[in-house]
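Notes follow once the structure below has been shown.
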Amino acid sequence: MTAGRAGRRALAAIALLGLAACQAPPGPQRFVGTGNPYEPVPLPPRVPMVHPPLRDAQAEVRELEARRDRAPDDVRAHLAYVAGLTRLGRRAQARAHYAARVQGPDARPIEQVMAARLMGRGGSSALRRVYAAA
């Protein structure tokens with residue numbers, strides 16, 4: 001009988017050790033309050049949002065034009081120019097620029113493609129036709 005009792009005590013001790021090991025380690029309290037269920041939970045401190053400084057739209061357009069003019073055969077420069085003007089709400093300015101360039105005698109193929117892209121609605125079938133013609 002003593003062997004059975006000792007075995008049960010050993011099992012109980014192992015079980016208690018196992019339960020003690022499963023407890024969460026001491027750390028910061030998750031509930032910060034007085035225990036009153038109607039007390040509002042404090043909010044974390046607010047961090048002010050820092051926005052980048054707004055750039056002058058004219059300066060950005062001049063920068064995009066300079067990049068396009070430095071490398072007239074660079075497709076990325078033309079795409080950045082059109083994307084920048086579109087972002088600034090000046091898509092019509094890009095359309096007028098490329099339409100005028102296409103009318104000139106020294107029109108480049110990239111300018112013809114950009115003019116056709118800007119004249120279309122931007123659908124995939126229209127773009128396929130533009131690139132097939134180029």
Side-chain angles (χ1 to χ4, degrees):
M1 206 170 214
T2 58
R5 189 175 288 176
R8 280 184 272 178
R9 284 186 183 166
L11 282 175
I14 291 173
L16 284 176
L17 287 175
L19 287 175
C22 292
Q23 290 182 348
Q29 292 180 344
R30 291 180 185 239
F31 177 73
V32 182
T34 60
N36 182 358
Y38 300 106
E39 180 183 349
V41 177
L43 295 174
R46 291 183 177 234
V47 177
M49 292 183 66
V50 178
H51 296 287
L54 295 175
R55 294 184 57 192
D56 182 23
Q58 286 297 97
E60 188 171 351
V61 170
R62 283 193 298 271
E63 183 181 309
L64 290 169
E65 287 173 347
R67 179 179 171 195
R68 180 202 63 208
D69 293 340
R70 274 194 309 269
D73 291 328
D74 184 14
V75 175
R76 291 180 192 268
H78 287 275
L79 290 173
Y81 174 69
V82 171
L85 288 179
T86 302
R87 184 178 61 250
L88 294 171
R90 299 181 179 186
R91 188 174 174 90
Q93 181 180 346
R95 188 179 298 132
H97 168 78
Y98 283 106
R101 292 293 299 165
V102 168
Q103 300 299 325
D106 58 343
R108 298 177 186 277
I110 182 63
E111 294 168 338
Q112 294 171 350
V113 169
M114 293 304 291
R117 282 184 64 170
L118 288 167
M119 294 302 166
R121 296 214 180 252
S124 59
S125 61
L127 286 178
R128 277 195 291 272
R129 284 194 299 272
V130 166
Y131 290 124

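All of these numbers come straight from a predicted model, not from anything done at the bench. The analysis underlying the following values was restricted to heavy atoms, covering all of them including side chains, and did not include hydrogens, waters or symmetry mates.
- For the pair Val61/Gln93, a side-chain contact is recorded, criterion being any heavy-atom separation below 4.5 Å from C-beta on.
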Stepwise side-chain contact (heavy atoms from CB on, under 4.5 Å) test for Met114 and Leu79: CA-CA 8 Å; Met114 293 304 291; Leu79 290 173; 3.9 Å; yes
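- Residues meeting the side chain to side chain donor-acceptor pair (under 3.5 Å) test with Arg90, sequence neighbours left out: Gln58.
- Classification of the Tyr98-His78 ring pair by plane angle, with boundaries at 30° and 60°, yields tilted.
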What pairs of donor and acceptor atoms, side-chain ones from residues 101-109 against any protein atom, are under 3.5 angstrom apart with sequence neighbours left out?
| residue | atom | partner | partner atom | Å |
| --- | --- | --- | --- | --- |
| Arg101 | NE | Glu111 | OE2 | 3.1 |
| Arg101 | NH2 | Glu111 | OE2 | 3.3 |
| Arg108 | NH1 | Asp73 | OD1 | 3.2 |

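- Between Ala115 and Ala99, the shortest heavy-atom distance links the atoms CB-N, 4.4 Å.
- The line from CG of Asp69 to CG of Asp74 is 12.0 Å long, rounded to the nearest 0.5 Å.
- For the atom pair Leu85 CG and Arg95 CZ, the distance stands at 11.5 Å (nearest 0.5 Å).
- When all heavy atoms of Ala71 and Ala77 are compared, the pair lying nearest together is O-CB, 4.3 Å.
- For the side chain to side chain contact (heavy atoms under 4.5 Å, CB included) test, no residue two or more places apart in sequence or in another chain qualifies with Ala100.
- Remark: His97 NE2 to Leu118 CG distance equals 10.0 Å, nearest 0.5 Å.
- Ile110 and Pro72 get closest at one heavy-atom pair: CG2-O, 3.6 Å.
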